[in-house]
Amino acid sequence: MPELPEVETVRAGLEPVLTGRAFVRVEQRRPDLRFPLPERFAERLTGRRVLRLDRRAKYILVHLDQDEVLAVHLGMTGRLIVSVGGNGAGGGPDGHAVGSSVTLGQYAYQHGKDAKHDHLVFTMSGGAVVTYNDARRFGYMTLIPAQDLAQDAFFAGLGVEPLGPELTGAYLAVRAASRSVDLKAFLMDQRIVAGLGNIYVCEALFRAGLDPFKPAARLAARGGKPTPAAGRLAAEIKAVLTEAIRAGGSTLRDYKRADGTTGLFQNEFGAYGREDAPCLKPGCHGTVRRKTQGGRSTFYCPACQR
DNA sequence: ACTGTACCCTGTAGGC
DNA sequence: TGCCTACAGGGTACAG
């Protein structure tokens, strides 16, 4: 569900709730999410204090005392519901939540209806209750010793952070050399750039004016220099992610947080979700089309993305 | 090594 | 109303 800007927005929202707090009670309602939860997960988490929150790719990293890290991936539909001064999202005996709550995620949370997918309930010192809800259960959590993070199977193969200095036209050119996969799949590959997903890949390619169906190798260096397309793409990836984070990410469908705030970046999409609408590029009279690519929808303008 | 497809799971929207 | 299909922001496990 959430791509880098949405995960970053969730991380930022969670930061004041968790930092400096300890896990007082951990309720685990099923043995697994996408993968089995760690052995004795609740027991190992209980009593641990949160030092700080970080993000790598689409993972939220909760740094704990005793040099351990709780890594959280929200998958497609993972949400965190923060309740203060009331019951958890699971609600009271009648199934209705007591007190106020805020949903951190891309979808609204309906207390009566969605509670059956509340898989974990964390009670923090100070009284905040954080509930992990995930209908499709593509999300997962793991506990990793801090010093093993870089070698952990989930993290070892990840590509560069798109907002870091490592993502450049030259980097893309090198990684794209002699790759026949199409540009879309190349950018979706977390081993190349970590944190992009369907929406922001569509948007970055739209902004850079690049055809998602062309082979990645078109970015490869020629005559020792990266192509202008590679440089443009790197710059547009950074720009679209930066703008999206500033807007609080993208919210889809009828999402509304309990406090009324939502991400706003969905209003800025140039391509995503705009099937059959006119291309917004100045001077382009094309029409945005949707085509399935690798089992996912690609939105693009055939007229100006070459 | 690389590439494409099937699959994991649940919910929702649309056609009939 | 029900039944069916397609699709949804994620990633992995294969077969070729």
Side-chain angles (χ1 to χ4, degrees), chain A residues 1-11 30-36 55-60 71-80 103-110 112-119 132-142 152-159 162 175-204 212-217 220 240-241 244-245 247-255 262-263 265-266 268-269 271-273 275 290-299:
Chain A
M1 125 194 215
E3 302 182 39
L4 188 152
E6 292 73 38
V7 174
E8 178 56 29
T9 301
V10 172
R11 188 205 64 78
R30 52 174 304 131
D32 59 336
L33 296 171
R34 170 162 194 181
F35 304 114
R55 183 194 54 73
R56 170 77 170 110
K58 299 172 191 170
Y59 293 87
I60 296 167
V72 180
H73 195 296
L74 300 173
M76 292 276 261
T77 51
R79 299 179 279 200
L80 290 159
T103 302
L104 300 175
Q106 274 179 311
Y107 291 119
Y109 178 84
Q110 300 177 46
K113 186 160 159 276
D114 294 334
K116 61 177 172 291
H117 299 300
D118 290 351
H119 305 308
Y132 180 76
N133 177 283
D134 188 352
R136 291 177 74 179
R137 246 180 295 127
F138 285 171
Y140 45 101
M141 295 189 195
T142 178
D152 185 87
F154 287 129
F155 294 90
L158 288 177
R175 298 298 303 264
S178 70
R179 293 292 306 270
S180 68
V181 275
D182 51 55
L183 214 36
K184 168 95 179 291
F186 176 73
L187 292 179
M188 294 278 288
D189 187 342
Q190 302 298 298
R191 296 168 301 183
I192 308 293
V193 182
L196 301 178
N198 202 37
I199 291 179
Y200 295 102
V201 165
C202 286
E203 291 300 306
F213 298 90
K214 289 267 172 64
V240 72
L241 295 179
I245 290 172
S250 304
T251 57
L252 266 48
R253 319 216 201 301
D254 58 353
Y255 172 93
T262 68
F265 196 71
Q266 67 281 4
E268 312 299 323
F269 290 164
Y272 191 85
E275 185 176 13
R290 182 173 73 90
K291 262 171 91 170
T292 298
Q293 190 175 20
R296 292 191 152 88
S297 288
T298 295
F299 295 89

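Throughout, a chain's letter reflects where its sequence line sits, starting with A, and its residues are numbered from 1.
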Here the helical stems involving DNA chain B, each at least 3 consecutive Watson-Crick or G-U pairs closer than 3.5 Å, sorted by first residue number, are B:2-8 with C:10-16, B:10-16 with C:2-8
Residues K184(A), D182(A): salt bridge by 4.0 Å N-O rule: no
Relative to the ring of F269(A), is the ring of Y200(A) parallel (under 30°), tilted (30 to 60°) or perpendicular (over 60°)? perpendicular
Give a yes/no answer on whether the side chain of R290(A) brings an N or O atom under 4.0 Å of OP1 or OP2 in dC7(C). yes
Check ion pair K116(A)-D114(A) (N to O, under 4.0 angstrom): no
Side-chain contact, heavy-atom cut-off 4.5 Å: R34(A) with H73(A)? no
According to a strict under-4.0 Å criterion, is H117(A) in side-chain N/O contact with OP1 or OP2 of dG11(B)? yes
Rounded to the nearest angstrom, tell me the gap between atom CG in D114(A) and atom C1' in dG11(B). 10 Å
Return the value, rounded to whole Å, for the distance between atom CG of L33(A) and atom C1' of dT10(B). 14 Å
Could you state the CG-P distance from D118(A) to dT10(B), rounded to the nearest angstrom? 15 Å
Measure the CZ-CD1 distance between F299(A) and I199(A) for me, rounded to the nearest 0.5 Å. 9.5 Å
F138(A) CZ to dA8(C) C1', straight-line distance once rounded to whole Å: 10 Å
Out of curiosity, E203(A) CD to L196(A) CG, how far, rounded to the nearest 0.5 Å? 12.0 Å
Among dT12(B), dA8(C), dG11(B), the nucleotide that comes nearest once only the side chain of K113(A) is considered: dT12(B)
For R136(A) and dC8(B), what is the distance between atoms CZ and C1' respectively, to the nearest whole Å? 9 Å
Under 4.0 angstrom, heavy atoms only, what part of the nucleic acid is R191(A) near: base, sugar-phosphate, or nothing? nothing
Any donor-acceptor N or O pair under 3.5 Å, side chains D118(A), Y109(A): yes
So Y140(A) and Y59(A), would you call those rings parallel, tilted or perpendicular, with 30° and 60° as cut-offs? perpendicular
Could you state the CZ-P distance from R79(A) to dC9(B), rounded to the nearest angstrom? 19 Å
Please give the distance between the P atoms of dC9(B) and dC14(C) as a whole number of Å. 15 Å
Kindly indicate whether the side chain of R137(A) and the base of dC9(B) share any N or O donor-acceptor pair separated by less than 3.5 Å? no
When the P atoms of dT5(C) and dA6(B) are compared, how many Å lie between them, rounded to an integer? 16 Å
Do S297(A) and R290(A) pair up side chain to side chain, a donor and an acceptor below 3.5 Å, judged on atom types alone? yes
Within the structure shown, what part of the strands sits under 4.0 Å from Y272(A) by heavy-atom distance: base, sugar-phosphate, or nothing? sugar-phosphate
Contact state string [nucleotides 11-16 of chain C, B base, S sugar-phosphate only, - no protein heavy atom under 4.0 Å]: BS----
Name the nucleic acid region contacted by S180(A), choosing base, sugar-phosphate or nothing; use a 4.0 angstrom heavy-atom cut-off, strictly under. sugar-phosphate
Check whether the side chains of Q106(A) and S250(A) place a donor and an acceptor atom closer than 3.5 Å, and report yes or no. no
Can you tell me if K116(A) touches the phosphate of dG11(B), counting only side-chain N or O atoms and a distance under 4.0 Å to OP1 or OP2? yes
Between D32(A) (CG) and dT10(B) (P), how many Å, whole number? 10 Å
Euclidean distance, atom CD of residue Q106(A) to atom C1' of dT10(B) [Å, nearest integer]: 17 Å
